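Down below is the structure, laid out as structure tokens.
Only a predicted model underlies this, so the values are computations on that prediction, with no experimental measurement involved.
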Amino acid sequence: MQEHFMAEVESLKTNLIKMASLVDEQVERAINSLETGNIELCKGVKARDLEVDAYDNLIQAQCENILALFQPVAADLRFLISALMINNQLERCGDIAVNIAQRVKKIWKSMSQVNDFSSLISEAQINEMGKQARQMIKNAIDSFIYGDTQLADSVIKNDEVVDNLNKQAFQILVSKMQSNNNLIEPAAHLIVLTRHIERLADHATNIAEDLVFYIEAKIISHKKKLQKLEKKESSEDQEL
């Protein structure tokens, strides 16, 4: 029975890694298309999303079967719970990669009438934001494959970097839209794009948090928000 269980778990891990590799490739192609303007890179992103969706269904079915057949406990149960959550995060990352690719097509089309498009992207640091988010995805996947909680922690810390870049990009793009009517359409597309990139970083963070839950049996999701809420409530109590 134990050998059968371990074989099923290894099969599940293998499928998660294959799915993660597909998602990593999707994200890489989408971000590279933004950086280079090579729209051809966008074509493979949608095709791979169908494969990602197939793995999503397969992994859910595997987890359900393992839970029903073996009724795992402790670390084994945490692994299955984490696998289900990471599977969901990866599927969403694949969807976002498709959204980025579709938005990139619209951006470069709208930019055909704008002379200084490259400087606009550069000034808003959108390429840098994309690189940071893409690296977070890669590190989150690696943290899961190797059970590396330190790498997972670096992903979680980097989320704030992407959030700050997103805020800066929004302010810069709004300012550009106000000063130049020709930039309204392309800048609006870029604002939507930065939102997609920011969400990509959020999902990478969630994967890292799920890995920490599996390895250390600690729930750290929403930790910063909860700490801020506790401080606020403590401050209000002191004022009373």
Side-chain angles (χ1 to χ4, degrees), residues 22-50 52 89-141 154-208 224-225:
L22 282 170
V23 170
D24 186 45
E25 188 176 348
Q26 279 184 293
V27 172
E28 181 178 21
R29 291 175 73 93
I31 297 300
N32 284 346
S33 69
L34 168 65
E35 294 174 352
T36 63
N38 183 358
I39 305 302
E40 292 298 313
L41 290 171
C42 297
K43 293 180 179 179
V45 176
K46 180 65 176 177
R48 282 166 179 77
D49 196 48
L50 297 175
V52 171
Q89 299 300 329
L90 287 172
E91 192 275 332
R92 289 297 301 128
C93 287
D95 288 345
I96 292 172
V98 173
N99 292 339
I100 291 173
Q102 291 174 339
R103 188 61 53 176
V104 166
K105 291 179 183 178
K106 294 178 181 179
I107 287 170
W108 282 97
K109 183 179 179 181
S110 68
M111 288 298 186
S112 61
Q113 299 177 347
V114 178
N115 296 327
D116 207 13
F117 170 48
S118 296
S119 65
L120 177 63
I121 288 185
S122 177
E123 187 176 349
Q125 297 189 71
I126 293 173
N127 282 342
E128 177 61 24
M129 185 180 174
K131 288 178 182 177
Q132 290 284 344
R134 199 261 160 175
Q135 190 62 47
M136 285 176 68
I137 289 290
K138 186 178 185 305
N139 288 346
I141 290 170
S154 73
V155 173
I156 294 167
K157 289 178 179 177
N158 244 26
D159 189 45
E160 191 170 349
V161 174
V162 175
D163 286 345
N164 289 335
L165 285 169
N166 185 40
K167 291 174 185 177
Q168 293 171 19
F170 178 80
Q171 292 171 353
I172 290 169
L173 291 169
V174 168
S175 176
K176 294 292 183 182
M177 293 165 75
Q178 291 172 336
S179 62
N180 186 345
N181 290 340
N182 291 329
L183 292 178
I184 291 177
E185 182 181 351
H189 283 308
L190 286 173
I191 287 174
V192 175
L193 177 72
T194 57
R195 177 57 179 159
H196 288 320
I197 295 173
E198 190 266 338
R199 289 299 298 145
L200 203 60
D202 286 345
H203 286 297
T205 300
N206 291 342
I207 292 171
K224 289 183 179 179
K225 290 181 181 178

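Taking CD of Gln125 as the start and CG of Asn166 as the end, the distance is 12.0 Å to the nearest 0.5 Å. Glu91 CD to His203 NE2: the interatomic distance, rounded to the nearest 0.5 Å, is 9.0 Å. Here CG of Asp95 is found 11.0 Å from CG of Leu200. Values are rounded to the nearest 0.5 Å. To the nearest 0.5 Å, atoms CG (Leu34) and CD1 (Ile31) are separated by 6.0 Å.
For Ser175 (side chain) and Gln171 (main-chain N/O), no donor-acceptor pair under 3.5 Å exists by modelled atom type. Gln26 places a side-chain N or O within 3.5 Å of a backbone atom of Val45 that can act as its donor or acceptor partner.
Residues Ile126 and Leu173 form a side-chain contact, since some pair of their non-hydrogen atoms from C-beta on lies under 4.5 Å apart. Taking 4.5 Å as the limit, every side-chain heavy atom of Asn127 sits out of range of all side-chain heavy atoms of Ser122. With contacts defined as side-chain heavy-atom distances shorter than 4.5 Å, the pair Val155/Ile207 does not qualify. Put simply, the side chain of Ile121 reaches to within 4.5 Å of the side chain of Leu190, judged on heavy atoms. At least one side-chain heavy atom of Met177 sits under 4.5 Å from a side-chain heavy atom of Ile191.
Taking the side-chain contact (heavy atoms from CB on, under 4.5 Å) definition, one finds that Asn99 meets it with Gln102, His196, sequence neighbours left out. Looking at residues two or more places apart in sequence or on another chain, you find a side-chain contact (heavy atoms from CB on, under 4.5 Å) between Gln178 and Val174. For Asp49, there are no salt bridge (charged side-chain N to carboxylate O under 4.0 Å, His left out) partners two or more places apart in sequence or in a different chain. For Ile172, the side-chain contact (heavy atoms from CB on, under 4.5 Å) partners two or more places apart in sequence, or in a different chain, are Glu123, Ala124, Lys176. Judged as a salt bridge (charged side-chain N to carboxylate O under 4.0 Å, His left out), and not counting sequence neighbours, the contacts of Glu198 are Arg195.
Annotation: salt bridge (Lys or Arg N to Asp or Glu O under 4.0 Å) contacts involving residues 162-173, sequence neighbours excluded, are absent. Each side-chain hydrogen bond (donor to acceptor under 3.5 Å, both in side chains) pair with one or both residues in residues 28-42, not counting sequence neighbours, appears once here: Glu40-Lys43.
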Identify every side-chain donor-acceptor pair in residues 130-141 under 3.5 Å, counting partners at least two apart or on other chains, and give the distances.
residue	atom	partner	partner atom	Å
Gln132	OE1	Asn158	ND2	3.1
Gln132	NE2	Glu128	OE2	2.9
Arg134	NH2	Asp24	OD1	3.1
Arg134	NH2	Asp24	OD2	3.2
Gln135	NE2	Asn139	OD1	3.0
Lys138	NZ	Asp142	OD2	3.2

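The two residues Ala30 and Ala101 have their closest heavy-atom pair at CB-N, 4.3 Å.
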Could you walk me through whether Ile197 and Ile96 pass side-chain contact (heavy atoms from CB on, under 4.5 Å), step by step?
CA-CA 8 Å; Ile197 295 173; Ile96 292 172; over 6 Å; no
